[in-house]
K.L.:
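Have a look at the structure that comes next, please.
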Amino acid sequence: MKYSALVIPTLRDAPADAEVASHILLTRAGFIRRQAAGSYHWLPLGMRVLAKVQRIVRAELARIGAQEVLMPVVQPAELWRRSGRWDVMGAEMLRLADRQNRDYCLSPTQEEAVTELFGRTVGSYKQLPCNLYHIQTKFRDEIRPRFGLMRAREFIMKDGYSFHLDERSLDETYADMYSCYAAILDRIGLRYRAVEADPGAMGDNDSHEFHVLAAAGEDRLAYSPASDYAANVEKAEAAAIADDAEVEDLAKVPTPGVKTIEDVAAFLGVEQRRCVKTLIVHATGSGDHLALAALVLRGDHKLNEAKAMRLNGVRRPLVFATDDEIHAALGAHAGSIGPIDIPLPLLVDRSAAELASFVCGANQDDYHLVGANWQRDVGTDFQTVDIRNVVEGDSAADGSGPLRFMRGIEVGHIFKLGAKYTRALNVTVQDAAGQDTAPIMGCYGFGVSRIVAAVVEQWHDDDGIIWPEAVAPFAVHLVALNNSRSVAVQSTAEDLHEQLEAGGLEVLFDDRDERPGVKFADADLIGIPHRITIGERGLKEGVVEYRRRDAATMEKLSPSMTVRRLIDR
RNA sequence: CGGGGUAUAGCGCAGUCUGGUAGCGCACCUGCUUUGGGAGCAGGGAGUCGGGAGUUCAAAUCUCUCUACCCCGACCA
């Protein structure tokens with residue numbers, strides 16, 4: 001295809017709002033253009049990449065027997081009211097009304113629609129398992145769209161849903177989907193990790209996220225270099241850290257005006273990890289009396305609110321007590337609170353509970369206690385729990401060694417839904433005994449447009465994008481130098497163009513009347529894997545130049561040899 | 001949602017403080033020269049200065065208001 005016939009608006013400067021490599025490069029190289037916050041046009045080069053990603057996704061899904069459908073974007077509120085999610089979804093769901101003033105939404109996800117579709121079209125257990133997916137534009141009114149395609153409001157997603165009579169069948173499809181996602185990411189050529197997502201209170205509700213590894217990723221992952229263990233930092237289980245300190249004598253010391261852990265540690269000349277902080281939160285209380293609970297963490301650890309909320313006795317969502325509430329209940333202000341003789345339920349983080357000797361608030365304003373010890377000074381009336389964020393160096397939950405951190409872009413998420421939607425929408429199939437039963441479901445999302453950004457995050461250098469072959473917009477970039485002046489260059493380039501395309505290769509032929517430097521710069525920016533440069537200089541020796549975008553080396557080959565090399569590749 | 005900031009040509013920006021009727025670089029068009037890593041010269045096209053209201057003889061500039069967009073935050077004992 002001739003460059004001159006395509007809309008490829010490359011830019012020397014990136015738009016001021018673009019921050020991350022994928023956003024900057026995809027814009028500069030003319031793949032996408034912003035329309036509004038979080039919504040993007042896909043230009044011809046971008047479309048070609050999208051199409052390749054979709055082709056791979058479709059091929060791998062076909063392999064495990066998933067069937068493609070296409071469901072509507074605009075959905076009646078009625079459907080969402082039936083599942084109860086019309087009121088639950090909140091502002092992230094964009095709502096609109098038609099001329100009759102009936103409510104609709106732009107579908108942010110498709111559980112309701114697919115369940116209803118399934119219910120109307122499948123009635124017998126003989127048709128199970130049934131695995132349906134579509135690739136469609138989604139709209140989510142994100143609080144803060146950013147990073148170009150990585151967190152867009154309008155984006156393209158593959159979402160799939162499976163229906164099963166029993167857990168065993170769901171497990172099989174779930175496992176298929178897991179390996180399908182791995183196969184897709186392998187084919188595209190990405191480094192990734194599958195991580196455990198929210199393990200849930202039950203512990204057996206499988207859910208995995210697929211993260212492409214990239215510094216610009218929005219998620220922080222904890223992983224064990226020594227094993228397959230990986231988890232989102234927010235969700236990773238934090239092990240207890242043993243303490244080898246000596247038990248010391250308890251002493252009360254005046255600490256006037258010293259409140260934060262940082263100040264306490266500095267004032268008393270101890271490490272932050274030898275202090276504990278006591279956070280007062282609202283408890284699930286009865287009656288009109290305000291119930292509180294105390295959460296205790298090591299001074300150098302951070303509370304994980306999601307973990308705290310999951311505990312029995314802690315109100316969900318988490319509410320921190322105000323200073324007034326703390327003073328009313330404990331007679332001291334925040335900043336001087338500690339676990340000793342505190343008249344509240346005590347929930348102590350595993351690592352804090354290991355401390356043999358620690359500093360804490362004295363429950364008396366402007367005093368702290370040093371040399372505190374759990375058994376001697378607090379007793380046994382507390383629960384040991386996991387309520388902190390993991391930190392680098394913690395032991396992995398599988399015991400394989402210290403955790404390391406890295407960043408990831410979540411491109412896939414698979415989880416088991418159970419019968420939540422089939423029950424809510426009253427969808428059943430007849431089982432072998434003729435009984436109506438609500439099938440259980442699995443749900444599988446894959447960010448098609450986001451993965452384009454993820455590829456660029458992982459595959460670029462200072463000059464531009466370096467597309468992996470599987471998703472490159474073209475396989476070969478033919479750069480004809482001064483072709484408008486040189487008949488030899490122009491005719492050789494045209495021959496090569498024709499022969500390569502005849503050999504089944506997708507070719508971008510830069511036939512523009514531009515200077516060499518411009519063409520090279522654009523070629524590097526656009527990032528097509530194979531580049532052939534045709535110039536008068538080489539043609540005098542009967543050669544053209546071949547180089548890969550991902551390699552520094554260049555080879556001189558005869559035109560016919562070049563064609564053969566690329567086609568036989 | 002809270003805080004901060006920005007809005008001037010397709011992109012990047014200056015001009016705003018101190019009001020006088022819009023400019024620079026890139027991109028685009030024409031011509032000449034140039035031609036192996038983002039050319040030079042000359043000429044040219046392109047802007048409701050985010051919208052509205054106000055002050056003023058006069059507003060990109062001052063005031064009010066609305067909107068859009070960007071950044072940061074949402075873990076405190």
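Labels below follow one simple rule: chain letters A, B, ... track the order of the sequence lines, proteins then strands, and each chain is numbered from 1. The structure displayed is predicted, hence computed values, not measured ones.
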K.L.:
Does any nucleotide pair with B:G73 by Watson-Crick or G-U wobble geometry, both distances under 3.5 Å, and what is it?
P.N.:
B:C1
K.L.:
A:L481 side chain: which of B:G36, B:G37, B:A77 is closest?
P.N.:
B:G36
K.L.:
For the C1' atoms, the ones on B:G2 and on B:A14, what distance do you get once it is rounded to whole angstrom?
P.N.:
33 Å
K.L.:
If you apply the rule side-chain hydrogen bond (donor to acceptor under 3.5 Å, both in side chains), what do you find for A:N483 with A:Q490, and how did you get there?
P.N.:
CA-CA 5 Å; A:N483 52 311; A:Q490 178 69 15; 3.0 Å; yes
K.L.:
Going by purine N1 to pyrimidine N3 plus the second Watson-Crick contact, or the G-U wobble pair, all under 3.5 Å, which nucleotide sits opposite B:U35?
P.N.:
none
K.L.:
Side chain of A:F520 only, heavy atoms from C-beta on: which candidate in B:G37, B:A77, B:C71 is closest?
P.N.:
B:G37
K.L.:
If the P atom of B:U63 is compared with that of B:U55, how far apart are they to the nearest Å?
P.N.:
15 Å
K.L.:
Around atom CE of A:M1, are there more than 12 heavy atoms from other residues, nucleotides or ligands closer than 6.0 Å?
P.N.:
no
K.L.:
Say we look at B:C69 and B:U30: how far apart would their P atoms be, to the nearest angstrom?
P.N.:
37 Å
K.L.:
For B:A39, take OP1 and OP2 only and decide whether either is under 4.0 Å from a side-chain N or O of A:R515.
P.N.:
yes
K.L.:
Hey, does A:A321 reach any base, or is it just sugar-phosphate, or nothing, if we go heavy atoms under 4.0 Å?
P.N.:
base
K.L.:
So if I take every side-chain heavy atom of A:D13 and compare against B:A77, B:G25, B:C28, which nucleotide ends up nearest?
P.N.:
B:G25
K.L.:
Is it true that the side chains of A:S207 and A:H413 contain a donor and an acceptor less than 3.5 Å apart?
P.N.:
yes
K.L.:
What is the base-pairing partner of B:A42, counting Watson-Crick and G-U wobble geometry with both distances under 3.5 Å?
P.N.:
B:U30
K.L.:
Return the 5'-most residue of the pair A:L525, A:K302 with respect to RNA chain B, ranking by each residue's nearest nucleotide.
P.N.:
A:L525
K.L.:
Measure the shortest side-chain to side-chain distance between A:F474 and A:W467 over non-hydrogen atoms and say whether it is less than 4.5 angstrom.
P.N.:
no
K.L.:
Is there a donor on the side chain of A:D522 or the base of B:G38 sitting less than 3.5 Å from an acceptor on the other?
P.N.:
yes
K.L.:
Counting any heavy atom closer than 4.0 Å, what does A:T27 reach on the DNA or RNA strands: base, sugar-phosphate only, or nothing?
P.N.:
nothing
K.L.:
Is the count of non-hydrogen atoms from other residues, nucleotides or ligands lying under 6.0 Å from A:W80 atom CH2 greater than 12?
P.N.:
yes
K.L.:
Rounding to an integer number of angstrom, what distance separates B:C49 and B:C62 when you compare their P atoms?
P.N.:
15 Å
K.L.:
Ignoring hydrogens and angles, answer whether the base of B:G36 and the side-chain atoms of A:E536 contain a donor-acceptor pair closer than 3.5 Å.
P.N.:
no
K.L.:
Surrounding CG of A:D341 (heavy atoms of other residues, nucleotides or ligands, distance under 6.0 Å), is the total greater than 12?
P.N.:
no
K.L.:
With sugar-phosphate meaning primed atoms plus P, OP1 and OP2, does A:R547 contact a base, only sugar-phosphate, or nothing at under 4.0 Å between heavy atoms?
P.N.:
base
K.L.:
Please check if atom CZ in A:R547 has more than 12 non-hydrogen atoms from other residues, nucleotides or ligands closer than 6.0 Å.
P.N.:
yes
K.L.:
Give me the distance, rounded to whole Å, that separates B:C11 from B:C70 when you measure between the P atoms they each carry.
P.N.:
14 Å
K.L.:
Would you mind classifying the nucleic acid contact of A:N389 as base, sugar-phosphate or nothing, using non-hydrogen atoms under 4.0 angstrom?
P.N.:
base
K.L.:
My understanding is that a pair needs two contacts under 3.5 Å, Watson-Crick or G-U wobble. By that rule, which nucleotide pairs with B:A68?
P.N.:
B:U6
K.L.:
With rounding to the closest Å, how many angstrom separate the C1' atoms on B:C13 and B:A53?
P.N.:
29 Å
K.L.:
Categorize A:E545 for me: base, sugar-phosphate, or nothing, with a 4.0 angstrom heavy-atom threshold over every strand shown.
P.N.:
base
K.L.:
Can you check the A:K277 NZ to B:A77 C1' distance for me, whole Å?
P.N.:
9 Å
K.L.:
Expressed in whole Å, how much space separates the C1' atoms belonging to B:G20 and B:A74?
P.N.:
48 Å
K.L.:
Do A:Q499 and A:E494 have side chains that get closer than 4.5 Å, going by heavy atoms?
P.N.:
no
K.L.:
Distance check, P atoms only: B:G5 and B:A42, in whole angstrom units.
P.N.:
42 Å
K.L.:
Which part of the nucleic acid does A:R34 contact within heavy-atom distance under 4.0 Å: base, sugar-phosphate only, or nothing?
P.N.:
sugar-phosphate
K.L.:
Under 4.0 Å, counting only non-hydrogen atoms across every strand here, what does A:G361 touch: a base, just sugar-phosphate, or nothing?
P.N.:
nothing
K.L.:
Using a cut-off of 4.0 Å on non-hydrogen atoms, how would the nucleic acid contact of A:I261 be classed: base, sugar-phosphate, or nothing?
P.N.:
sugar-phosphate
K.L.:
Choosing from B:G37, B:G36, B:G38, which nucleotide comes nearest the side chain of A:R531?
P.N.:
B:G37
K.L.:
Can a donor-acceptor pair under 3.5 Å be found between the side-chain atoms of A:R28 and the base atoms of B:G38?
P.N.:
yes
K.L.:
To the side chain of A:A334, which of B:G36, B:A27, B:A77 is closest?
P.N.:
B:A77
K.L.:
In terms of side-chain heavy atoms of A:E19, which of B:C71, B:G37, B:G38 is nearest?
P.N.:
B:C71
K.L.:
What is the separation between atom CE on A:M554 and atom C1' on B:G36, rounded to the nearest whole Å?
P.N.:
10 Å
K.L.:
What's the closest nucleotide to the side chain of A:L303 if the choices are B:C75, B:A77, B:C71?
P.N.:
B:C75
K.L.:
Taking the nucleotide of RNA chain B with the closest heavy atom to each, which residue, A:L539 or A:G335, is nearer the 5' end?
P.N.:
A:L539
K.L.:
Check every atom of B:C69, B:G38, B:C28 against the side chain of A:E514 and return the nucleotide holding the closest atom.
P.N.:
B:C28
K.L.:
In the structure shown, which nucleotide is the Watson-Crick or G-U wobble counterpart of B:A59, with both distances under 3.5 Å?
P.N.:
none
